[in-house]
Undergrad: 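Input: one structure, supplied below.
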Amino acid sequence: MELSRPRGTRDFLFEEMKQRKVVASTLKRIFENYAYQEIKTPIFENLSLFTQKSGDEIVEQLYNFKDKGDRELALRPELTAPVARLYMAQMQKSPKPIKMYYYGSCFRYERPQAGRFRQFWQFGCEMIGGKSPEADAEIIAMASHSLKELELEGFEIHLGHLGILRGILDEEDITGKTQDHIMGLIDKGEPKLLQEFLDESEIEPDTQKILYKIIEMKGTSKLLDEVKELLKDRNKALEALFELEELVETLGMFQMEDYVLNLGIARGLDYYSGMVFEIYVPSLGAQKQICGGGTYNLVETFGGEKVESTGFAFGFDRLMAALIAQKKDLNLKVAADVFIAPISPKTRKAAFGIAQKLRYQGISVEVDLGRRKLKKLLSYAHNLGVRKVVLVGERDLEEGKLTLKDMETGNQTLVSEKELLEHIRS
Ligand code: HAM
């Protein structure tokens, strides 16, 4: 029988898990410094949570199934909709903004390739309510701060505003699913299909020209004046542009200058309404997007009040790939700090007693479980990478002593059981 993994999934072994743990705990620390609190939602949800905004087409991209009670369920493809559901069920009366973060796996039925998996992890956040330029700027600054803390090099933050493209389309009476379809074609970077669809939808050539121009616009804040000129008399789009202008000014307060204005960002998910941003690491190639986010109003879509929210998610696996490719020192912790080696069968019981005492003192300890002889004990300890080995000998024990071996220098010190903890910590 062939025991293989499902397509698009991976196993993670010790070293990779340690690296992921270091990165996740760094992100947790930074997010908590910005006063976000962790939440957890179910891995599966009612299918309707994801189809309500995006329609049945999204089902193709989901892992959905019926359970034994005939309920239509889906493995979550992302966490923004689940968090909006949670907010509506339990947090509507909480003071705003509510700042939440999450770390968990997501599932998408995609064609697997490098950096694109069927099970992948997101580390993300949502700020529900309290929309303001400061709130948006703080969230972008936190994303940037996280990557700087991880010492990731060569990342680019691209910032845009969906209200510009959507505003132009709204004023042409192109709304609902048609508008979402156009945004999808822009997101996928399919200029031919886009043109065909715009022609089919009988969009004025003038408007088409402006759309194509805007999609291509990338650069510094100097670009804003050029866009203003282009959008003359298109009030809805101009309103969005002014919002973006204010955000750009506010970002300065957060010492954020190193980003690119990119008005072609359309985002793949159709709940976004305002500011959007994506972070790329170009060296990752086709799957260079390591983060995506923006402003949305899912709560209203779900039948609640208008509570504008902003959030983003790091694609954790792509972030790891970028860090590993740059050979970042992820400060890996070894499996244990100390190895306890009973050097005679008679000292085995005592060895476990010592191990338990140390573990209760917060030291990570491995004890010989393989009943090895001295030589093998030391080579095993060496392979584990521990810094210190406690040799438990019969004669030493009778005198209440233990031998502590420093694996880096090879020095051995005879210490009393009482002094052991102090020596290990030193
Ligand atoms: P998203 O852009 O669809 O946004 O996903 C966020 C990140 O997850 C992407 O930038 C990418 O790095 C990673 N990702 C997506 N699909 C895959 C895959 N198949 N394999 C590996 N990595 C993948 C969202 O999901 C939004 N919920 C983000 C958000 C939060 N917006 C507001 N709040």
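Both backbone and side-chain heavy atoms feed into the values below; hydrogens, waters and symmetry mates do not.
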Undergrad: Tell me whether the rings of F312 and F31 are parallel (<30°), tilted (30 to 60°) or perpendicular (>60°).
TA: perpendicular

Undergrad: Would you mind telling me which of R71, R76, R85 makes a salt bridge (charged side-chain N to carboxylate O under 4.0 Å, His left out) with E45?
TA: R85

Undergrad: Take V367 and R359 through the side-chain contact (heavy atoms from CB on, under 4.5 Å) test and state the conclusion after the steps.
TA: CA-CA 11 Å; V367 198; R359 285 168 175 158; 3.9 Å; yes

Undergrad: Pairing donors with acceptors under 3.5 angstrom, does anything connect the side chains of E305 and Q92?
TA: no

Undergrad: Any Lys/Arg nitrogen of K388 or D337 sitting under 4.0 Å from an Asp/Glu carboxylate oxygen of the other?
TA: no

Undergrad: For F107, does the six-membered ring have the charged nitrogen or CZ of R118 within the cation-pi criterion, i.e. under 6.0 angstrom from the centroid and within 45° of the normal?
TA: no

Undergrad: For A135 and G130, which heavy atoms make the closest approach, and how far apart are they?
TA: CB-O, 3.4 Å

Undergrad: Hey, would you say the Y380 and F339 ring centroids sit under 6.0 Å apart?
TA: yes

Undergrad: Under a 4.0 Å threshold between the charged nitrogen and the carboxylate oxygen, would E172 count as salt-bridged to K236?
TA: no

Undergrad: Is the distance between the ring centroids of F44 and Y63 less than 6.0 Å?
TA: no

Undergrad: What verdict does the salt bridge (charged side-chain N to carboxylate O under 4.0 Å, His left out) test give for K232 and E229, after you've listed the backbone C-alpha separation in whole Å, the side-chain angles of each residue and the deciding distance to 0.1 Å?
TA: CA-CA 6 Å; K232 255 190 324 212; E229 188 59 32; 3.3 Å; yes

Undergrad: With respect to E278, which candidate in K288, R267, R318, K218 satisfies the salt bridge (charged side-chain N to carboxylate O under 4.0 Å, His left out) definition?
TA: R267

Undergrad: For S273 and T295, does a side-chain donor sit closer than 3.5 Å to a side-chain acceptor?
TA: no

Undergrad: Please give me the minimum heavy-atom distance between I186 and G264, naming the atom from each residue.
TA: CG2-O, 3.6 Å

Undergrad: State plainly whether the residues K228 and E245 are in salt-bridge range, i.e. N to O under 4.0 Å.
TA: yes

Undergrad: Between the side chains of E72 and S48, is a donor N or O closer than 3.5 angstrom to an acceptor N or O?
TA: no

Undergrad: Specify the closest pair of heavy atoms between Y103 and K40, including all atoms of both residues, with the distance to one decimal.
TA: O-NZ, 4.0 Å

Undergrad: Establish, from distance only, whether the side-chain atoms of Y212 and Q195 form a donor-acceptor pair under 3.5 Å.
TA: no

Undergrad: Could you tell me which non-hydrogen atom of A137 sits nearest to which non-hydrogen atom of L247, and how far apart they are?
TA: N-CD1, 3.6 Å

Undergrad: For the residue pair Y271 and T80, confirm or rule out a side-chain donor-acceptor distance under 3.5 Å.
TA: yes

Undergrad: If you compare all heavy atoms of L62 against all heavy atoms of Y109, which two are closest, and at what distance to 0.1 Å?
TA: O-CB, 3.8 Å

